[in-house]
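Everything numeric in this text was worked out from a predicted model, so none of it was measured. Per chain, numbering begins at 1; letters A, B, ... match sequence-line order.
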Amino acid sequence: ETGVTQSPTHLIKTRGQQVTLRCSSQSGHNTVSWYQQALGQGPQFIFQYYREEENGRGNFPPRFSGLQFPNYSSELNVNALELDDSALYLCASSLGRGQGEAFFGQGTRLTVV
Amino acid sequence: AQRVTQPEKLLSVFKGAPVELKCNYSYSGSPELFWYVQYSRQRLQLLLRHISRESIKGFTADLNKGETSFHLKKPFAQEEDSAMYYCALSVNNFNKFYFGSGTKLNVKP
């Protein structure tokens, strides 16, 4: 059984660019949630995908979008990057929308310059 | 709107001393509360959840709906407890978490 993996681990982008972050869910999990963690803060909920459909969204603008694939892996896309988007992005996978424990990946550190 | 507050950014105690990490929440419905822990260079992981009423690694937490609190306690801290602790709230049982800003626990020898 493999855990949640995220790629890349680090990346640097320029303001205005677009970025795609990837998450492979734990084997058997069909739900993926994305979080943004700014320095010194707790993770903040961006959105959740359950069986390829968005299942709730936090207070983030539309330039944050996502996708979940048939194998339940997921992408987070951010358009028109701003300096404040610099953060650690975490994904968490779980089985079902509310059952079972959520397992977190190690995160992707995004720096916008 | 739901909100989780952890008033202490840093808590330092000596080994063997009792520990209490505070967590208060605001939510109008029936919340599900969790404690997550992040050890150095490791990923965020679940420590305990209030519905299971378990004691994990000697830690316990009781949901007090009157005081809207979910404080994490351990009677005798160990050096290996040093980590970042996050209190989290889930609404509608959907594994969508609202996290506090975290408390760094430092257990000194």
Discussion item. Looking at B:K96 and A:G58, would you say the former's side chain and the latter's main chain have a donor-acceptor pair under 3.5 Å?
Written reply: no
Worksheet entry | A:V4 backbone acceptor or donor facing B:R43 side chain under 3.5 Å |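 Checking the backbone N and O of A:V4 against the side chain of B:R43, a donor-acceptor pair under 3.5 Å is found.
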Looking at [X], I want to see if its [atom1] is surrounded by more than 12 non-hydrogen atoms of other residues, nucleotides or ligands under 6.0 Å.
X	atom1	value
B:F76	CZ	no
A:N71	CG	yes
A:R15	CZ	no
A:E53	CD	no
A:F69	CZ	yes
A:L39	CG	no

Worksheet item: With hydrophobic residues grouped by side-chain heavy-atom distances under 4.5 Å, do B:F34 and B:F59 end up in a single group?
Response: no
Worksheet item: Relative to the ring of B:F99, is the ring of A:Y35 parallel (under 30°), tilted (30 to 60°) or perpendicular (over 60°)?
Response: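 Perpendicular, since the angle between the ring planes exceeds 60°.
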Discussion item. List the residues meeting salt bridge (charged side-chain N to carboxylate O under 4.0 Å, His left out) with A:R57, not counting sequence neighbours, and say none if there are none.
Written reply: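 In terms of salt bridge (charged side-chain N to carboxylate O under 4.0 Å, His left out), with neighbours along the sequence ignored, A:R57 is linked to A:E54.
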Practice prompt. Select all residues of residues 100-109 of chain B having any heavy atom within less than 4.5 Å of some heavy atom of chain A, and report them by number, or 'none'.
Written response: B:G100, B:S101
Practice prompt. Heavy-atom distances under 4.5 Å only: say whether B:Y36 touches chain A with side chain, backbone, both or neither.
Written response: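 Only the side chain of B:Y36 comes within 4.5 Å of chain A.
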Discussion item. Which atoms of B:Y86 are under 4.5 Å from chain A, going by heavy atoms: the side chain, the backbone, both sets, or neither?
Written reply: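 It is the side chain, since no backbone atom gets that close.
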Worksheet entry | Separation between CD of B:Q2 and CZ of A:F45, rounded to the nearest 0.5 Å |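 CZ of A:F45 is found 10.5 Å from CD of B:Q2.
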Practice prompt. Mind checking the CD-CD spacing from B:Q42 to A:Q106? Nearest 0.5 Å is all I need.
Written response: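 Rounded to the nearest 0.5 Å, the CD-CD separation comes to 12.5 Å.
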Worksheet item: Which residue pairs satisfy the disulfide (SG to SG under 2.5 Å) criterion with at least one member in residues 37-66 of chain B, sequence neighbours excluded?
Response: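 Listed by first then second residue: nothing to list.
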Practice prompt. List, by chain and number, the other hydrophobic cluster members for A:V19, where Ile, Leu, Val, Met, Phe, Trp and Tyr join if side-chain heavy atoms come within less than 4.5 Å, directly or indirectly.
Written response: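 Its cluster partners, ordered by chain and number, are A:L11, A:L21, A:V32, A:W34, A:I46, A:F47, A:Y49, A:F60, A:F64, A:L76, A:V78, A:L81, A:L83, A:Y89, A:L110, A:V112.
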Worksheet item: With a 4.5 angstrom heavy-atom cut-off, which part of A:Q37 approaches chain B: side chain, backbone, both or neither?
Response: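 Side chain only.
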